[in-house]
Amino acid sequence: MGDLEYSILADFYEKIERTASRIEMTEYLVALFKETPIEIIDKVIYLTQGKLRPDYEGVELGVAEKLAMRALAQALGVSIKKVEETYKKSGDLGTAAQMLMQQRKPVSIVDFFGGAVEAKPLTVTRVYETLLKIAKASGPGAMDTKVSLLVSLLKDAKPKEARYILRAITGKLRLGIADMTILDALAIAFTGSKNARDVIERAYNMHPDLGHVAKVLATKGLEGVKGIRITVGIPILPMLAERLSDPREILSKLGGKCIIEYKYDGERVQAHKKEKQVYLFSRRLENITSHYPDVVEMIMNNIKAKEAIVEGEIVAVDPDTGEMLPFQELMHRRRKYGIEEAMEMYPASLYLFDVLYVDGRSLINEPLPIRKEYLKKILVPADRIQLAKSTIAETPEEIETFFEQAIADGCEGVMCKSLQADSIYQMGARGWLWIKFKRDYRYEMTDTVDLVVVGAFHGKGRRAGTYGALLMAAYSPEEDIFKTVCKVGSGFTDEDLQKLPEILKPYEISHKHPRVQSKMEADVWFVPAIVLEIIGAEITLSPLHTCGWGKIKENAGLAIRFPRFTGRYRDDKSPEQATTEKEIIEMYYSQRKVTAKA
DNA sequence: CCTGTCTGCCCC
DNA sequence: ATTCTGC
DNA sequence: GCAGAATGGGCAGACAGG
């Protein structure tokens with residue numbers, strides 16, 4: 001059985017990490033694949049993706065940052081505190097491990113002979129199999145088992161190897177390569193040119209398991225890969241949408257005319273029906289069949305085909321009024337136990353918007369209008385299963401009108417889709433055939449808030465050395481207190497990130513400021529002083545943030561959904577002039593009125 | 001048995 | 001989910 | 001414009017530990 005020393009993999013990772021050129025990265029990957037014995041090509045691919053098995057199999061490590069830190073401390077015989085310190089400073093657990101290991105000298109003869117020096121070199125298979133064992137450990141004592149397994153690996157690892165083992169475990173290799181680059185490299189490594197890339201990508205889209213595709217390619221060649229087809233029961237890579245904020249632009253991208261449909265605030269689902277069997281897959285291809293027995297039932301009864309793959313959005317509804325409920329409520333359905341009760345409290349509606357396969361026939365290459373016809377043909381609509389509401393729009397005004405109606409009906413926005421002859425179902429991400437349009441993409445349509453920076457969190461990866469996110473608060477004039485509403489870590493340019501520590505440094509304090517109310521423990525606290533403009537999609541109930549605590553619901557505050565920095569520093573405002581708690585509460589109520597109208 | 005912490009290529 | 005950046 | 005890597009709120013499940 002062929003194997004590969006893990007240090008060789010680590011060396012390639014290091015080279016890839018050091019360059020920013022995608023072409024160069026691909027070249028290194030190609031060299032790696034050529035050096036990899038065919039038997040373990042799938043393992044190398046999974047490790048390089050930072051996973052163990054394809055998503056739809058649901059194999060989970062159950063180890064992340066904290067447990068990995070514990071294991072590292074144990075392997076090195078240092079305190080968790082020490083590991084944590086090094087981690088926070090470097091912003092990367094892998095780098096921290098490498099640094100700490102390089103610092104360490106053999107302390108005693110026993111250590112010397114018992115330690116890494118005498119150990120057999122790590123192999124890809126050993127690393128992979130150990131990670132699988134970690135994933136399988138469960139039940140009482142599982143944490144210790146997982147940690148011990150990881151410790152055993154780290155004890156035999158050289159510093160550089162530890163770097164990448166830890167990164168693989170935390171799911172962030174951070175090499176600058178992901179699926180698309182791996183596909184390029186596979187094409188070149190096994191067929192000699194990038195020409196075959198499209199064929200390989202297509203196979204991957206229909207059977208999103210890179211390890212499997214690579215193995216087929218390595219053992220059976222391109223012909224084997226061409227044989228990979230859509231299989232009912234294996235999820236297809238879902239088509240994604242681009243975003244735009246202007247109806248005019250949307251129309252010009254889509255050729256002056258489009259299908260426009262409601263974008264429901266729920267969970268996207270790809271439903272597979274195979275005779276008497278139904279499978280449901282999430283957007284990230286997790287198997288979510290057990291969460292939604294009611295949806296399974298509807299697919300079984302109301303889709304008139306022996307076999308079919310359809311796509312739609314699951315939305316929670318109020319069992320009494322039938323009104324659509326916000327996404328937050330649907331989350332209660334993502335459970336393993338108490339499904340029956342949850343089903344009564346949060347019944348699900350399914351709004352279908354596409355069909356990809358019917359009775360042996362792939363519809364992937366059919367234009368959207370044809371697919372919609374098929375969908376209409378096989379669907380028997382009922383109370384809780386219907387087509388997503390849609391129409392055809394040819395002017396910006398028509399888009400605006402339909403959009404307003406969607407918002408009034410409790411949707412997030414709309415999807416605008418091409419209906420041209422080339423409007424195929426583009427598996428994966430590519431293209432501008434689908435465009436989403438949401439209220440908060442438009443500055444004028446959404447209220448921004450001016451919030452006070454009261455704390456910050458150390459950044460990771462490329463944010464190492466600066467802040468990853470800031471803790472933001474609204475002001476309560478009645479109590480003269482600042483209460484948290486969100487963290488914000490998106491919207492900062494590199495320049496912002498460089499400036500922020502300088503701006504905030506003068507206000508840094510060692511403990512939470514007495515005028516700040518927060519349930520969250522920040523890495524750094526500040527005197528409330530700096531005000532930033534923040535935009536978000538809506539206000540939600542929060543179990544964590546303290547703004548509006550108990551004023552709308554017992555044991556709940558308010559938070560901002562999808563918060564980001566607008567780029568505007570409100571240095572014209574004092575912290576006492578920031579958005580008030582009362583204003584946030586009003587925003588919460590006014591948005592609910594809109595949805596209640598529906 | 002209850003509570004707190006951590007995890008999820010989680011969902012959005 | 002949104003956003004920014006290097007290629 | 002793509003591909004990748006930063007980052008958000010919040011839910012249930014799985015353990016650990018009192």
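In the text below, chain A, chain B and the rest are named by the order of the sequence lines, each starting its count at 1.
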Please work out whether the ring planes of A:Tyr264 and A:Tyr351 are parallel, tilted or perpendicular, with thresholds of 30° and 60°.
parallel

What's the closest nucleotide to the side chain of A:His332 if the choices are D:dA12, C:dT2, B:dC10?
D:dA12

Side-chain N,O (A:Arg564) to OP1/OP2 (C:dT2) below 4.0 Å
no

Please state how far atom OH in A:Tyr292 lies from atom C1' in D:dA12, giving the value in whole angstrom units.
12 Å

The answer to which of A:Asp494 and A:Asp440 contacts DNA chain C further toward the 5' end, by nearest nucleotide, is A:Asp440

Which heavy atom of A:Tyr13 sits nearest to which heavy atom of A:Leu47, and what is that distance?
OH-C, 3.7 Å

Given D:dA3, B:dT7, D:dC15, which nucleotide is nearest the side-chain atoms of A:Arg197?
D:dA3

Please tell me if the side chains of A:Asp198 and A:Ile200 come closer than 4.5 Å, counting only heavy atoms from C-beta onward.
no

With a 4.0 Å cutoff (strictly under), does any side-chain N or O of A:Arg22 reach OP1 or OP2 of C:dC7?
no

A:Arg568 CZ to C:dT3 P: how many Å, rounded?
14 Å

Identify whether any heavy atom of A:Tyr337 sits under 4.0 Å from a base atom; if not, whether one sits that close to sugar-phosphate; answer base, sugar-phosphate or nothing.
sugar-phosphate

A:Leu240 CG to D:dG1 C1': how many Å, rounded?
15 Å

Side chains of A:Tyr262 and A:Glu313: do they bring a donor and an acceptor to under 3.5 Å?
no

Do any side-chain nitrogens or oxygens of A:Lys66 fall under 4.0 Å of OP1 or OP2 in B:dG4?
no

5'-most by nearest nucleotide on DNA chain B - A:Met143 or A:Asp55:
A:Met143

Assign A:Lys519 to base, sugar-phosphate, or nothing according to its heavy-atom contacts below 4.0 angstrom with the strands shown.
nothing

Is A:Arg283 near enough to B:dC10 that one of its side-chain N or O atoms lies under 4.0 angstrom from OP1 or OP2?
no

Under 4.0 Å between any heavy atoms, over every strand shown, what does A:Leu330 touch: base, sugar-phosphate, or nothing? Just pick one.
nothing

Are OP1 or OP2 of C:dT3 and a side-chain N or O of A:Arg243 less than 4.0 angstrom apart?
yes

Examine A:Arg243 relative to A:Phe437 and say whether NZ or CZ is less than 6.0 Å from the centre of the six-membered ring and inside a 45° cone about the ring axis.
no

Give one of base, sugar-phosphate or nothing for A:Tyr46, where a contact means two heavy atoms less than 4.0 Å apart.
nothing

In this structure, how many angstroms lie between the C1' atom of C:dC7 and the CD atom of A:Glu24, rounded?
12 Å

Spacing between A:Arg70 atom CZ and B:dT5 atom P, to the nearest angstrom:
13 Å

Base, sugar-phosphate alone, or nothing: which one does A:Lys336 contact when heavy atoms must sit under 4.0 Å apart?
sugar-phosphate

Decide, yes or no, whether a salt bridge links A:Lys551 with A:Glu581 under the criterion of side-chain N to carboxylate O below 4.0 Å.
yes

Rounded P spacing from D:dA3 to B:dC11 in Å
23 Å

Once you measure the plane-to-plane angle for A:His207 and A:His212, does it fall in the parallel (<30°), tilted (30-60°) or perpendicular (>60°) bin?
parallel

The test is side-chain hydrogen bond (donor to acceptor under 3.5 Å, both in side chains); show your working for A:Tyr569 and A:Asp496 and say whether it passes.
CA-CA 10 Å; A:Tyr569 295 86; A:Asp496 291 325; 2.6 Å; yes

Charged N-O contact under 4.0 Å between A:Arg561 and A:Asp265
yes

I need the CD1-P distance between A:Ile16 and D:dA5, as an integer number of Å.
11 Å

Could you check A:Arg268 against A:Ile169 and say which one's nearest nucleotide on DNA chain B is further toward the 5' end?
A:Ile169

Between A:Leu93 and A:Ala68 the two heavy atoms that sit nearest each other are CD2-CB, 3.6 Å

Using whole Å, report how far CZ of A:Arg430 lies from C1' of D:dG4.
13 Å

Counting Watson-Crick and G-U wobble pairs with both distances under 3.5 Å, what is the dot-bracket string for DNA chain D, 5' to 3', using [ ] for crossing pairs and | for pairs to another strand?
||||||||||||||||||

Classify the nucleic acid contact of A:Leu497 as base, sugar-phosphate or nothing, counting any heavy atom under 4.0 Å across all strands shown.
nothing

Base, sugar-phosphate alone, or nothing: which one does A:Lys146 contact when heavy atoms must sit under 4.0 Å apart?
nothing

Name the nucleic acid region contacted by A:Gly139, choosing base, sugar-phosphate or nothing; use a 4.0 angstrom heavy-atom cut-off, strictly under.
sugar-phosphate

With a non-hydrogen cut-off below 4.0 angstrom, is A:Gly50 in contact with a base, only sugar-phosphate, or nothing?
nothing

Fit a plane to each ring of A:Tyr128 and A:Tyr46, take the angle between them on a 0 to 90° scale, and name the class: parallel (under 30°), tilted (30 to 60°) or perpendicular (over 60°).
parallel

Can you check nucleotides 6-9 of chain D for protein contacts, nitrogen or oxygen pairs under 3.5 Å, and list what you find?
from  : atom 1 : to       : atom 2 : distance (Å)
D:dA6 : OP1    : A:Arg174 : NE     : 2.6
D:dA6 : OP1    : A:Arg174 : NH2    : 3.3
D:dA6 : OP1    : A:Arg462 : N      : 3.3
D:dA6 : OP2    : A:Arg174 : NE     : 3.3
D:dA6 : O5'    : A:Arg462 : N      : 3.4
D:dT7 : OP1    : A:Lys460 : N      : 3.0
D:dG8 : OP1    : A:Lys487 : NZ     : 3.0
D:dG8 : O3'    : A:Lys487 : O      : 3.3
D:dG9 : OP1    : A:Lys487 : N      : 2.9
D:dG9 : OP1    : A:His545 : NE2    : 2.9

Within the pair A:Arg334 and B:dC10, is there a side-chain N or O less than 4.0 Å away from OP1 or OP2?
no

Could you check which of B:dC12, B:dT7, D:dG1 has an atom nearest any side-chain atom of A:Leu67?
B:dT7

Measure NE2/A:His291 against P/B:dC10 and give the value in whole Å, please.
13 Å

Per the salt bridge (charged side-chain N to carboxylate O under 4.0 Å, His left out) rule, which among A:Arg462, A:Arg174, A:Arg167, A:Lys172 passes with A:Glu17?
A:Arg167

